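Just below is one structure, and these are the notes that go with it.
Letters A, B, ... are given to chains in the order of the sequence lines, protein chains preceding strands, and every chain is numbered from 1. All values reported here derive from a predicted model rather than from experimental measurement.
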Protein chains: 2
Amino acid sequence: MTHFGAVVRNRRERMHLEDRRFSLRQVAQRVGIEPAYLSKIERGDVAPPSEATTIRLARELGEDPDVFLAMAGKVSSDLQEIVRKRPRLFADLIRQLKAAPDDAILRVVREVRDGDW
Amino acid sequence: MTHFGAVVRNRRERMHLEDRRFSLRQVAQRVGIEPAYLSKIERGDVAPPSEATTIRLARELGEDPDVFLAMAGKVSSDLQEIVRKRPRLFADLIRQLKAAPDDAILRVVREVRDGDW
DNA sequence: CCGAGTGTGTACTAAATAGGACACATGACA
DNA sequence: TGTCATGTGTCCTATTTAGTACACACTCGG
């Protein structure tokens, strides 16, 4: 189980090769946290940061915030809010889809997107 | 915005009319928390309890745990886990369905349940 | 009258969350 | 050789979460 920080470090170092603005310190500064803290995050020395910080980090590294959040063990609060507004419906739907293959879910997504409702 | 505690109190008092085992103290005991704490919860004097406690409370009162959790401002951790395993897929799906009418979602649920995949 | 049961007020707390401050060693490079 | 910039180690802290403990006042049946 390669942890959150490792992925961040990987991603950041890859960017750093092409662009020296991606040093730990500079990224930390742009993200708005202390370098020491980012260092600890990347080494898994501390738990993944808050939702807000995780999202800023994802943006900075050009990654999908939802994916980064997932790796940080969280689910975006805007998704949670959607679910909370109609708990029964969404709980059923999500549990229903738990075992469904990716392409089945994708089909549903598309179907809904093009939906006629 | 009628808060979580108010719903609990309502529900519990309704049960209490028919069954004297639903006093605040006895419910608290069965749920495994201090009476004083349940009292504060019901009056909205403190934030809603943890996920685990909320679920036990829902069960005790014969309510849907997902609904109680929603009122407590939370989303069941088992649902979160499902989403976290395929963040992009589920994030898309849920955001897609944000504005969909109930019956459209229901149709999707059924469709998936009877699905042929 | 009293004892059991009821709800509540006050005070306290252990653990988790989400970091900040600052000093330090290292290496690059001008 | 000095001076940056880099990553990291150590220590500290405010806030939130999720409750417990205990005493108190009221009421109702026997």
Original post:
Reading DNA chain D 5' to 3', which nucleotide is the first, and which the last, to come under 4.0 Å of any heavy atom in chain A?
Top reply: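 Boundary nucleotides touching chain A, in 5' to 3' order, are dT6(D) to dC11(D).
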Subject >> Candidates Val109(A), Leu93(A), Ile82(A) - the one meeting side chain to side chain contact (heavy atoms under 4.5 Å, CB included) with Leu97(B) >> reply: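 Result for side chain to side chain contact (heavy atoms under 4.5 Å, CB included) with Leu97(B): Leu93(A).
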Subject >> Canonical and wobble pairing (Watson-Crick, G-U, under 3.5 Å) of DNA chain C, dot-bracket with | >> reply: ||||||||||||||||||||||||||||||
Subject >> Heavy-atom pair with the smallest gap, counting every atom of Gln26(B) and Arg20(B) >> reply: NE2-O, 3.7 Å
For [X], check side-chain hydrogen bond (donor to acceptor under 3.5 Å, both in side chains) against everything at least two apart and list the hits.
X        : result
Glu51(B) : Ser77(B)
Glu81(A) : Lys85(A)
Glu60(A) : Arg30(A)
Ser76(B) : Asp78(B)

Original post:
Heavy atom of residues 22-34 of chain B under 4.0 Å from DNA chain C: which residues?
Top reply: Ser23(B), Leu24(B), Arg25(B), Gln26(B)
Would you say that [X] contacts [Y] through its side chain, given a criterion of any heavy-atom pair below 4.5 Å between the two side chains?
X         : Y         : result
Ile105(B) : Asp92(A)  : no
Val108(B) : Val108(A) : yes
Phe68(A)  : Ile55(A)  : no

Nearest whole Å is fine: how far is [N] [atom2] from [X] [atom1]?
X        : N      : atom1 : atom2 : value
Leu38(B) : dG9(C) : CG    : P     : 14 Å
Arg20(B) : dG5(C) : CZ    : P     : 11 Å
His16(B) : dG7(C) : NE2   : C1'   : 11 Å

**OP:** Can you sort out the partners of Asp103(A) under salt bridge (Lys or Arg N to Asp or Glu O under 4.0 Å), two or more places apart, ordered by chain and number?
**Re:**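 Listed in chain order: nothing, the list is empty.
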Original post:
salt bridge (charged side-chain N to carboxylate O under 4.0 Å, His left out): which pairs involve residues 32-49 of chain A, sequence neighbours left out?
Top reply: Arg9(A)-Glu42(A), Arg12(A)-Glu42(A)
**OP:** Name all pairs fulfilling the side-chain hydrogen bond (donor to acceptor under 3.5 Å, both in side chains) condition that reach into residues 64-74 of chain A, sequence neighbours left out, sorted by first residue then second.
**Re:**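 Every side-chain hydrogen bond (donor to acceptor under 3.5 Å, both in side chains) pair that includes a residue of residues 64-74 of chain A, provided the two are not neighbours, is Asp66(A)-Arg95(B).
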**OP:** Tell me which of Lys74(B) and Tyr37(A) sits closer to the 5' end of DNA chain D, going by the nucleotide each one is nearest to.
**Re:** Tyr37(A)
**OP:** Mind listing the residues from residues 43-63 of chain B sitting with a heavy atom below 4.0 Å of DNA chain D? Number order is fine.
**Re:**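 Here the set is Ser50(B), Thr53(B).
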Subject >> Residue Glu13(B) excluded, over 12 heavy atoms near CD under 6.0 Å >> reply: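 For Glu13(B), atom CD is crowded (more than 12 foreign heavy atoms under 6.0 Å).
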Subject >> Exceeds 12 heavy-atom contacts within 6.0 angstrom, atom CZ of Arg88(A) >> reply: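 Open: at most 12 neighbouring heavy atoms sit under 6.0 Å from CZ of Arg88(A).
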Return the polar atom pairs (N/O with N/O) between nucleotides 27-30 of chain C and the protein under 3.5 Å, or none.
none

Original post:
Going by modelled atom types, is there a donor-acceptor pair between the base of dG20(C) and the side chain of Lys40(A) at under 3.5 Å?
Top reply: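 Side chain to base: pair present.
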Original post:
Quick one: is dT6(C) close enough that its OP1 or OP2 comes under 4.0 Å of any side-chain N or O from Arg21(B)?
Top reply: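 No, no such contact exists.
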